[in-house]
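Here the structure comes first, spelled out in structure tokens, and everything after it is commentary.
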2 protein chains.
Amino acid sequence: MIAIEDKFKSYLKSKGLKFTPEREAILKEIFSFHGHFNVDGLYERLLRHNKNISRATIYRTLPLLVKNGLIEETFHCQDKSNYEHIFGHKHHDHMLCIGCGKVVGFREEEIEKLQEMVCKKYDFHSIKHKLGIKGYCKECYKKFKNNKA
Amino acid sequence: MIAIEDKFKSYLKSKGLKFTPEREAILKEIFSFHGHFNVDGLYERLLRHNKNISRATIYRTLPLLVKNGLIEETFHCQDKSNYEHIFGHKHHDHMLCIGCGKVVGFREEEIEKLQEMVCKKYDFHSIKHKLGIKGYCKECYKKFKNNKA
DNA sequence: CTAAATGCAAATGCTTTGCAATTCC
DNA sequence: GGAATTGCAAAGCATTTGCATTTAG
């Protein structure tokens, strides 16, 4: 956590921005939780921890954390913006269960390599990529099959 | 085009819905154009072809086309919903250039296979997947490098 | 001290919806 | 004829923004 905070502090300093209590609380709340989150969820978790921080401030802080490489927007065909913290994690992709909403992260080296190859083939300079697979997890697939029959 | 229209007609009939001139125009407009589109773009193209169809109707029609498997929502980290028509095309993934906004579709059998393998490994029953790569195309990368230097 | 940050409330922009009039089947 | 569809305008929602006030450095 110290490393994360330092990273964010350096980033802010380099841009002439301030490390405020609000930003500190947001950062801590995000990194105290594993999994994906959206603005509303984060807002409510902060409230529960007695941090009454306005949504506006959250909306203004998240892009800073993204630019600093601490969090990332995830995307699986949902409406609201979703984020997850990525500092210290290797890039991974996601499987999203339509049944229960569960999100499972996975990393497959071969897929990563192949993507690099494809980019070379097309002379495309990749910055980042996202792979999302939608379907049913084991449990939901069982239910689904039974309901169908 | 006849095949597409028939597919849509059967779908509508099977759901007790109607094939209206508006739906016909929307369908034709979508399939007369290659590439990605959003509601506003489609609305304006329809206008230019003297079809004054309200956005509400477009918003109500697109989900039908999605359910019918004629179009698909694409997703590359943009805000507005984006679609592309998919009937008669094999599934493909996308590369999105941050510089010029160009979207290039590609299909890589190996990646498709690997994804199936990953799903098996996790006992996940995939319905669909989306892979988006963000970066710079050849031309924009050149500019980008020069500006940086 | 002073530029940056905060919270509020208003504004924005995409999408959805209620409703009366119309149209397909 | 009657359920489905349309267009309009209003409503919804997530997100952004202007502004007066507060605060970090």
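A note on names: the letters A, B, ... follow the listed sequences, proteins ahead of strands, and every chain is numbered from 1.
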### Message
For Glu72(B), is there an ion pair with Lys128(B) - N to carboxylate O distance below 4.0 angstrom?
### Response
yes
For residues 2-12 of chain B, which side-chain N or O atoms pair as donor and acceptor with protein atoms under 3.5 Å away, sequence neighbours left out?
unit_1: Lys7(B); atom_1: NZ; unit_2: Asn68(B); atom_2: O; d: 3.1
unit_1: Ser10(B); atom_1: OG; unit_2: Asp6(B); atom_2: O; d: 2.7

### Message
Please give me every residue in residues 58-71 of chain B whose heavy atoms get under 4.0 Å of an atom in DNA chain D, ordered by residue number.
### Response
Arg60(B)
### Partners passing ring-ring contact (aromatic ring centres under 6.0 Å, His included) against Phe19(B) (at least two apart in sequence or in another chain)
none
### Task
Strictly below 4.0 Å, heavy-atom distances to any atom of DNA chain D: list the hits from residues 37-55 of chain B, or just say none.
Asn52(B), Ile53(B), Ser54(B)
Produce the list of close N/O pairs, under 3.5 Å, pairing protein atoms with atoms of nucleotides 21-25 of chain C; give distances to one decimal.
unit_1: dC24(C); atom_1: O2; unit_2: Lys18(B); atom_2: NZ; d: 3.0
unit_1: dC25(C); atom_1: OP1; unit_2: Phe19(B); atom_2: N; d: 3.1

### Query
Salt-bridged, Lys113(A) to Glu110(A), with N to O below 4.0 Å?
yes
### Task
Fit a plane to each ring of Tyr122(B) and Phe106(A), take the angle between them on a 0 to 90° scale, and name the class: parallel (under 30°), tilted (30 to 60°) or perpendicular (over 60°).
tilted
### ring pair (Phe, Tyr, Trp, His ring centres under 6.0 Å) partners of residues 50-71 of chain A, not counting sequence neighbours, each pair once
none
### Task
Would you please name every residue forming a side-chain hydrogen bond (donor to acceptor under 3.5 Å, both in side chains) with Thr57(A), sequence neighbours left out?
Ser54(A)
### Task
Answer yes or no: does a side-chain N or O of Ser81(B) lie under 4.0 Å from OP1 or OP2 of dT15(C)?
yes
#### Entry: Rounded to 10 degrees, the angle between the two terminal axes of the helix from dC1(C)-dG25(D) to dC25(C)-dG1(D), each from five pairs
40°
### Task
Let me know the distance between CD of Glu24(B) and C1' of dT5(D), rounded to the nearest Å.
15 Å
### Message
Going by ring-ring contact (aromatic ring centres under 6.0 Å, His included), name the residues that satisfy it together with His125(A), two or more places apart in sequence or in a different chain.
### Response
Tyr141(B)
#### Entry: Passing option when Glu29(B) is tested against Arg23(B), Lys51(B), Arg45(B) for salt bridge (charged side-chain N to carboxylate O under 4.0 Å, His left out)
Arg45(B)
### Query
Tell me: CZ of Arg23(A) to P of dG7(C), nearest whole Å?
11 Å
## Note on the structure
His49(B) meets the side-chain hydrogen bond (donor to acceptor under 3.5 Å, both in side chains) criterion, sequence neighbours left out, with none
### ring-ring contact (aromatic ring centres under 6.0 Å, His included) partners of Tyr43(B), counting only residues at least two apart
none
### Query
side-chain contact (heavy atoms from CB on, under 4.5 Å) with Ser126(B): which residues, sequence neighbours excluded?
Ile133(A), Cys119(B)
### Query
Over how many whole Å does the gap from Ile26(A) atom CD1 to dA5(C) atom P extend?
12 Å
### Query
Among Phe33(B), Tyr83(B), Phe37(B), which residue meets the side-chain contact (heavy atoms from CB on, under 4.5 Å) test with Leu42(B)?
Phe37(B)
